[in-house]
Amino acid sequence: NAGVTQTPKFRILKIGQSMTLQCTQDMNHNYMYWYRQDPGMGLKLIYYSVGAGITDKGEVPNGYNVSRSTTEDFPLRLELAAPSQTSVYFCASNRPGGDFGQFFGPGTRLTVL
Amino acid sequence: EDKVVQSPLSLVVHEGDTVTLNCSYEVTNFRSLLWYKQEKKAPTFLFMLTSSGIEKKSGRLSSILDKKELFSILNITATQTGDSAVYLCAVEANTGNQFYFGTGTSLTVIP
């Protein structure tokens, strides 16, 4: 199993540009999450999904959109990038009621200039 | 508002020391509390705690949960330089299966 994979690893955007961060998991987990982590801070939940076709907002959803057309994929879309979106983005997945918490992808480091 | 608070924010110790990291929480519909280790990359799972008073152990690391006082501790004995990392505490809520993270404790172990 590859676990949770994310692409790209790094990206630099100009203000106002858009991009999609990709996330795929091969563990057949129903639940998937997107977090951002700013320097010296914990993880803040952006969006999450409890299954294909179902998404919901987390703590900091403004400026982002998600979709969940399949169990495996959970892309995060940034529209009109702003410097405040400079952060490290982690995708995670888990099985409801599981005993090992969430499995995290390697992260995407995004800089908006 | 649901929140998770960790202390101390940072800690510097010498190899062989024992450290205790703290996590307190106020989360509606608590399901579990988790500890993760983060070494400049993705967090990796350490422990999940759901019941009060039952210690979880893995080698030199151990953790316990107090659901009455709403806190948990993570102990690391005989610390090694490889223990240097940020330790994150997260609380899982039953509602929507959301996870709330603390800001982490940065541990530095000096040889």
Side-chain angles (χ1 to χ4, degrees), chain A residues 2-7 9-10 21 23-25 27 29-51 54-61 66 68 74 87-109, chain B residues 1-10 21 23-25 27-51 54 56 58 63 65 72 74 85-108:
Chain A
V4 181
T5 57
Q6 290 182 239
T7 57
K9 286 188 170 58
F10 305 94
L21 281 66
C23 175
T24 300
Q25 55 90 10
M27 296 172 283
H29 286 166
N30 287 334
Y31 286 29
M32 296 187 73
Y33 309 79
W34 274 106
Y35 294 93
R36 59 177 287 172
Q37 186 175 34
D38 299 328
M41 302 295 287
L43 282 74
K44 295 290 187 183
L45 181 65
I46 305 171
Y47 271 95
Y48 67 101
S49 169
V50 301
I54 306 169
T55 62
D56 211 343
K57 296 177 181 178
E59 295 176 79
V60 290
V66 294
R68 184 97 182 267
F74 190 39
S87 191
V88 179
Y89 291 83
F90 289 104
C91 179
S93 72
N94 76 313
R95 180 177 295 113
D99 292 333
F100 298 98
Q102 298 171 305
F103 293 81
F104 284 85
T108 294
R109 185 175 294 276
Chain B
E1 181 185 340
D2 297 311
K3 62 180 179 181
V4 176
V5 178
Q6 292 186 245
S7 64
L9 289 181
S10 64
L21 310 183
C23 176
S24 63
Y25 63 92
V27 175
T28 309
N29 294 317
F30 172 93
R31 177 183 180 269
S32 67
L33 185 143
L34 302 101
W35 286 97
Y36 292 88
K37 180 181 182 183
Q38 187 175 27
E39 298 172 270
K40 297 194 186 302
K41 47 189 177 182
T44 54
F45 173 81
L46 293 174
F47 297 111
M48 172 185 274
L49 303 140
T50 56
S51 301
I54 298 176
K56 292 270 183 101
S58 177
S63 183
L65 173 67
S72 172
L74 175 68
V86 173
Y87 290 83
L88 295 170
C89 173
V91 172
E92 179 187 11
N94 275 316
T95 309
N97 199 227
Q98 290 199 42
F99 291 78
Y100 298 91
F101 282 81
T103 54
T105 292
S106 176
L107 174 66
T108 302

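On a predicted model such as this, the values are computed, not experimentally measured, just so you know. Just so it is clear: chains get the letters A, B, ... in the order the sequence lines come, proteins before strands, and each one is counted from 1.
- Legend: side-chain hydrogen bond (donor to acceptor under 3.5 Å, both in side chains) pairs involving residues 36-49 of chain B, not counting sequence neighbours, sorted by first then second residue: A/Gln37-B/Gln38.
- A/Lys44 contributes atom NZ, which lies 11.5 Å from atom CZ of B/Phe101 (distance to the nearest 0.5 angstrom).
- Highest contact tally toward chain A, considering only B/Gly104, B/Gly102, B/Pro43, is held by B/Pro43 [criterion: heavy-atom pairs under 4.5 Å].
- B/Phe30 meets the ring pair (Phe, Tyr, Trp, His ring centres under 6.0 Å) test with B/Tyr25; sequence neighbours excluded.
- Using a 4.5 Å cut-off between heavy atoms, A/Leu45 touches chain B through its side chain atoms alone.
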| said: Go through it in stages, so that I can follow the logic: the residues are B/Phe99 and A/Tyr35, the test is ring-ring contact (aromatic ring centres under 6.0 Å, His included), and I'd like the CA-CA distance, side-chain angles, deciding distance and then a yes or no. | reply: CA-CA 10 Å; B/Phe99 291 78; A/Tyr35 294 93; 7.6 Å; no
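- Across B/Ala42 and A/Phe104, no two heavy atoms sit closer than the pair CB-CB, 3.8 Å.
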